[in-house]
Amino acid sequence: MSLPAAWLRRGWVAHLLWPLSQILRGLTALQRVFYRLSPPYRPSVPVVVVGNWIVGGAGKTPTLLLIIGLLQSWGVRVGVVSRGYGRRSRGVHLARSDSDAATLGDEPLLIRRRTGVPLAVGERRADATAALLTAHPELQIVLSDDGLQHHALARDFTVLVFDRRGLGNGWLLPAGPLRQDRPHRPLPGCRADGLVLYADGIASTPLPGFVAERQLGAAWPLADWWAGTPSRRQALTQFQGRRLWAAAGLAQPERFFEMLRAQGLSVSPLPLPDHADWQVLPWPPEAEDVLVTEKDAIKLDPHRLPKRPRVWVVPLDLSAPPEFERALREALRPWLDTPPSNGSPHGPTTA
């Protein structure tokens, strides 16, 4: 979704909503007081939070996939915890080979399928982390998916993600797009260390950081993508001149459509709500080729779809500069060079 006009400038609508944003500021301040009185759960391994200050998709999932790939290439055993937004389950769930989006949520299931890392979801990321480390004590680092506003889990490092929207008008919800103020001092158990990654090709805030590029990969037939057999992948240039439909259940579906058009494709857009359940197929009967994102493909079982139209899955990957990789490795070096502690309990503490 594009930001509402009131979130792009401090016009009269934003000023009208500003008093409501002060209620959120007050509630956030009370929350921080509560967490100062109730220490967070600190697991036996470091926690790296990957998140964003602004509502809507800022490129967090591609960033997580990028960081997981880097950690795996360094030989680091990494796991992921998430709230699992959009799932229909309750409580803590560990990812299994037969897990589905209803149990884990679409983005956690996508992360699991793309990387194979141990993963757990739960309303409280502290509980999910405890369950994950109990099941996988070999892990060296835990990545927290979108946990910047979740202070019950201690964090050791953060990767803050922005897209081209930057900070919008700089005000909190509902007068602006920000979910939190910039913290002036960290909570107990939460270090202020972190990196900023701009995931949309431009530095959109004054904060120093690294600029990454979003890239579309070759298209997979849906059945091949589910089976993990990329033998019939096709470059997007091979779709030029065809009549195409593109469907996306993202926070900003138009961004996906723009990227397809930039590849010279003529697409009829089918925007869906973020985390759409896909109970009803959105394309018309005459559709022959449909392009979807991986986040949507995770909910489209090819065995339950008609043979027409042909559904193609287009991965969205993030390419970061070598400087980001070096900075991340240097930042995590104190933990990567230290054997994991086995003396801490894998359970949330209440002291």
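Residue numbers count from 1 along this sequence.
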Audit row: Arg90, Glu123, salt bridge (Lys or Arg N to Asp or Glu O under 4.0 Å) steps and yes/no: CA-CA 8 Å; Arg90 302 289 296 175; Glu123 288 84 2; 3.5 Å; yes

Would a hydrophobic clustering, with Ile, Leu, Val, Met, Phe, Trp and Tyr connected at side-chain separations under 4.5 Å, put Leu318 with Leu328? yes

Taking NZ, NE, NH1 and NH2 as the nitrogens, is one of them in Lys299 or Asp106 under 4.0 Å from a carboxylate oxygen of the other? yes

Check: Arg87 side chain, Pro108 main-chain N or O, donor-acceptor pair, under 3.5 Å: no

Do other residues, nucleotides or ligands put more than 12 heavy atoms under 6.0 Å from the CZ atom of Arg96? no

Hey, does the side chain of Arg77 reach the backbone of His136 with a donor-acceptor pair shorter than 3.5 angstrom? no

If we only count heavy atoms from C-beta on, is the Leu167 to Ile54 side-chain gap below 4.5 Å? no

Do Leu30 and Thr28 make a side-chain contact, defined as non-hydrogen atoms from C-beta onward lying under 4.5 Å apart? no

Residues in ring-ring contact (aromatic ring centres under 6.0 Å, His included) contact with Phe257, at least two apart in sequence or another chain: none

For the residue pair Ala101 and Ile298, what are the closest heavy atoms and their distance? CB-CG2, 4.4 Å

Residues Leu265 and Leu236: closest non-hydrogen pair is CD2-O, 3.3 Å

Salt bridge present between Glu258 and Arg261 (N-O < 4.0 angstrom): no

With heavy-atom distances below 4.5 Å as the criterion, would you say the side chains of Val81 and Leu143 are in contact? no

Using a side-chain heavy atom cutoff under 4.5 Å and only I, L, V, M, F, W and Y, what cluster partners does Ile202 have? none

Under the 3.5 angstrom rule, does the side chain of Arg155 hit a backbone N or O of His150 as a donor-acceptor pair? yes

Under a 3.5 Å distance rule, please check whether Arg112 uses its side chain to pair with a backbone N or O of Ser99 as donor and acceptor. no

Looking only at heavy atoms, what is the nearest atom pair of Ala212 and Ala320, with distance? CB-CA, 4.0 Å

In terms of heavy-atom contacts, does CZ of Arg310 have more than 12 from other residues, nucleotides or ligands at under 6.0 Å? yes

Could you check whether atom CD of Glu288 has more than 12 heavy atoms from other residues, nucleotides or ligands sitting under 6.0 Å from it? no

How close do Pro309 and Ala287 get, heavy atom to heavy atom, and via which atoms? CB-O, 3.1 Å

Flag the pair Val50 / Asp146 as yes when at least one side-chain heavy-atom distance between them is below 4.5 Å, and no otherwise. no

Distance-only, no hydrogens or angles: does the Ser82 side chain make a donor-acceptor pair with backbone N or O of Gly84 under 3.5 Å? yes

Is the shortest distance from a Lys or Arg side-chain nitrogen in Asp274 or Lys295 to a carboxylate oxygen in the other one below 4.0 Å? yes

Residue list, side chain to side chain donor-acceptor pair (under 3.5 Å) with Thr293, at least two apart or on another chain: Asp296

For the atom pair CG (Leu222) and CG (Asp301), what is the distance rounded to the nearest 0.5 Å? 8.0 Å

The test is side-chain contact (heavy atoms from CB on, under 4.5 Å); show your working for Thr129 and Arg42 and say whether it passes. CA-CA 10 Å; Thr129 302; Arg42 173 166 290 284; over 6 Å; no

Which residues pass the side-chain contact (heavy atoms from CB on, under 4.5 Å) test with Ser268, sequence neighbours left out? Trp245

Across all chains, not counting sequence neighbours, the side chain to side chain donor-acceptor pair (under 3.5 Å) partners of Arg25 are Gln22, Asp181

Does any non-hydrogen side-chain atom of Val47 lie less than 4.5 Å from one of Pro43? yes

Main-chain N/O of Ala175 paired to Asn169 side chain as donor or acceptor, under 3.5 Å: yes

Please determine if Arg88 and Asp100 form a salt bridge, counting it only when a charged side-chain N lies under 4.0 Å from a carboxylate O. no

How many angstroms lie between atom OG1 of Thr115 and atom CG of Leu64, to the nearest 0.5 angstrom? 9.5 Å

Decide, yes or no, whether a salt bridge links Lys60 with Glu107 under the criterion of side-chain N to carboxylate O below 4.0 Å. yes

Please check this pair: side chain of Arg165 against backbone of Pro177, looking for a donor-acceptor N/O pair closer than 3.5 Å. no

Sequence-distant partners of Arg243, side chain to side chain donor-acceptor pair (under 3.5 Å), two or more places apart: none

Considering all heavy atoms of both residues, which atom of Pro208 and which atom of Val196 are nearest to each other, and what is their separation? O-CB, 3.5 Å

Just wondering, do Leu332 and Leu71 contact through their side chains at under 4.5 Å, heavy atoms? yes

Please list, chain by chain and in numerical order, all residues satisfying ring-ring contact (aromatic ring centres under 6.0 Å, His included) with Phe256, sequence neighbours excluded. none

Could you go step by step and tell me if Ile141 and Val45 meet the side-chain contact (heavy atoms from CB on, under 4.5 Å) rule? CA-CA 6 Å; Ile141 285 182; Val45 301; 6.0 Å; no

Under the salt bridge (charged side-chain N to carboxylate O under 4.0 Å, His left out) rule, what pairs show up with a residue in residues 206-217, not counting sequence neighbours? Asp200-Arg214

ILVMFWY clustering at 4.5 Å (side-chain atoms), partners of Trp18: Trp171

If you define the side chain from C-beta out and look only at heavy atoms, does anything of Trp74 sit under 4.5 Å from Leu336? yes

Do Leu20 and Trp12 share a hydrophobic cluster, counting only Ile, Leu, Val, Met, Phe, Trp and Tyr and linking them when any side-chain heavy atoms are less than 4.5 Å apart? yes

Could you report the tightest heavy-atom contact between Val313 and Ala297, atom names first, then the distance? CG2-CB, 3.6 Å

In sequence, state the C-alpha distance, the side-chain angles, and the governing distance for Val55 and Leu173, and then conclude on side-chain contact (heavy atoms from CB on, under 4.5 Å). CA-CA 9 Å; Val55 295; Leu173 290 166; 3.6 Å; yes

Say whether Leu197 and Phe157 are linked into one hydrophobic cluster, either directly or through other cluster members, by side-chain heavy-atom distances under 4.5 angstrom. yes

As a quick check of understanding, evaluate side-chain contact (heavy atoms from CB on, under 4.5 Å) for Leu119 and Leu94, giving each step before the final call. CA-CA 6 Å; Leu119 181 145; Leu94 293 167; over 6 Å; no

Could you list the residues that satisfy ring-ring contact (aromatic ring centres under 6.0 Å, His included) with His275, not counting sequence neighbours? Tyr85

Are the side chain of Ser144 and the backbone of Val49 linked by a donor-acceptor contact shorter than 3.5 Å? no

Residues forming a ring-ring contact (aromatic ring centres under 6.0 Å, His included) with Trp278, sequence neighbours excluded: Trp283

State, without any angle test, whether Gln234 and Trp220 hold a side-chain donor-acceptor pair at a distance under 3.5 Å. no

About how many Å separate CD of Glu323 and CG of Leu195, when rounded to the nearest 0.5 Å? 12.5 Å

So how far is it from Glu294 CD to Trp225 CH2, rounded to the nearest 0.5 Å? 5.5 Å

Within-4.5 Å side-chain heavy-atom neighbours: Val76 and Gln72: no

Quick one: side chain to side chain donor-acceptor pair (under 3.5 Å) partners of Arg308, sequence neighbours excluded? none

